[in-house]
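In listed order, ligands and their atoms are each counted from 1. Numbers here are sequence positions counted from 1.
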Amino acid sequence: MSESSGKHSPSRRRFLTSVAAAGAGAVAAGAARAAGPDPLITEVQDWARATGDGVDATPYGLPIEYEGDVIRRNVEWLTADTISSINFTPIHALDGTITPQGCAFERHHSGAIALKKEDYRLMINGLVDQPLVFSYADLERFPRQNHVYFCECAANSGMEWAGAQLNGAQFTHGMIHNMEYSGVSLRTLLEEAGLGAAGDLKDKWVYVEGADASSNGRSIPMEKALDDVLVAFKANGEALRKEHGYPVRLVVPGWEGNMWVKWLRRIEVMDGPVESREETSKYTDTLEDGTSRKWTWVMDAKSVVTSPSPQAPITHGAGPLVITGLAWSGRGAITGVDVSMDGGKSWQPARLAAPGQDKALTRFYLDTNWDGSEMLLQSRARDSSGYVQPTKAQLREVRGLNSIYHNNAIQTWWVKANGVAENVEVS
Ligand code: MTE
Ligand code: CO
């Protein structure tokens, strides 16, 4: 019903106005709506005239069509082809900390393979008392654990080393996801094979590889292998999706995503690292003097404001504004996040939605009253080791400009008075 249909009595209109105004409080949009009767309130809508879909309509649910833009996206010039490829989590559009598998970034070196549980085999060999092969059903019979961890590709934010480039948190920081994994501790499986043959474990390594053509082989020091590494088969309660390594992947908490071998096929106990392609020519950082940092496994503390951000502009004008983002550290838990609105000149503490968890994403909020003037919005994370996220200048001073990987610098969004945000750098 429109206003011109004349069915609203003045008294009814006043009533609606006062309800809207009372409910709206300081939020300007609600007050504007109260100017006239709202047919969404006054009229019976189609969805209330008949029954909705039955329970048999959606045996397995997907997001409603109106959320169709909350999807993984590519950066065209980064994705030479879809076999050796990367896409990005839409972190600008998510809340909380858990990443749904359906929009969690993917990185494959030779495409995602379809491997049936029945065809799955995991071999443990090398310096073990008894080389073993496990089927999927075998793995399910070991004591299981559940843990939430983030997985960040070492190349996340890599395009931003030389200057602000990609316009959106999805593209600058979206090579990350955070899921609850269910699986067996790698320690349990190694002990099943027996590590007596390995002798002193201090200088021993495991070499892990996947069943895909790239194999993505990586060396992991024994100390980490026996600490918190998981052989995981469920994520967020359900089977791993094909693109995340179905039926079994390695979870290496806090360490670079490349070590999280998907379609895990073999674990060899060795007396040294293999120095494979993925840990020498790739995933290392070349410094100004031409030497490279070696064994840069741990992902240092990092954070980003996810909204407002270039893909999530402010659309409501001045007044109450929720600033939110994500923080994480491979060295432990996030203990605090500060937010700056003036490019790092002054900071205020954000509110952590929940106490930081070990090697998992932490959601932060700053509930503020925006005066409508432009902001240089930044966030800065601190972790339980005392480490504070560095500025781009601080990071470049140590690493120079040759690096691709391990960029954990503070990100700046220039939020203009009209609410539009842009990726910029402050010096
Ligand atoms: N494992 C195999 N077998 N093959 C791969 O190409 N890519 C690695 C790692 N494990 C890869 C792999 C890289 S570089 C990253 S960042 C993570 O998987 C990404 O995991 P995801 O695709 O589940 O996001
Ligand atoms: Co990666």
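- Here Arg382 pairs with Asp338 in a salt bridge; the nearest charged N to carboxylate O distance falls below 4.0 Å.
- Ion pair Arg218/Glu256 flagged as a salt bridge, since at least one NZ, NE, NH1 or NH2 atom sits closer than 4.0 Å to an Asp/Glu carboxylate oxygen.
- Scored by the ring pair (Phe, Tyr, Trp, His ring centres under 6.0 Å) test, Trp347 finds no partners at all (sequence neighbours excluded).
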Identify all N/O pairs between ligand 1 and the protein with a separation under 3.5 Å and present them as a table of atom names and distances.
residue  : atom   : partner : partner atom : Å
ligand 1 : 1 (N)  : Lys262  : N            : 2.9
ligand 1 : 3 (N)  : Asp212  : OD1          : 2.8
ligand 1 : 3 (N)  : Asp212  : OD2          : 3.3
ligand 1 : 3 (N)  : Lys262  : O            : 3.0
ligand 1 : 4 (N)  : Asp212  : OD2          : 2.8
ligand 1 : 6 (O)  : His109  : N            : 2.7
ligand 1 : 6 (O)  : His109  : ND1          : 2.8
ligand 1 : 7 (N)  : Arg107  : O            : 3.2
ligand 1 : 10 (N) : Trp260  : O            : 3.0
ligand 1 : 18 (O) : Arg249  : NH2          : 3.3
ligand 1 : 20 (O) : Arg249  : NH2          : 3.0
ligand 1 : 22 (O) : Arg107  : N            : 3.0
ligand 1 : 22 (O) : Lys262  : NZ           : 2.4
ligand 1 : 23 (O) : His177  : NE2          : 3.4
ligand 1 : 23 (O) : His244  : ND1          : 2.6
ligand 1 : 23 (O) : Arg249  : NH1          : 2.7
ligand 1 : 24 (O) : Phe105  : O            : 2.6
ligand 1 : 24 (O) : His177  : NE2          : 2.8

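- Ionic pairing of Glu152 and Lys302 is present here: one or more N-O contacts between side-chain nitrogen and carboxylate oxygen are shorter than 4.0 angstrom.
- Using a 4.0 Å cut-off between charged nitrogen and carboxylate oxygen, Lys294 and Glu275 count as a salt-bridge pair.
- Gln165 places none of its side-chain heavy atoms less than 4.5 Å from the side chain of Phe171.
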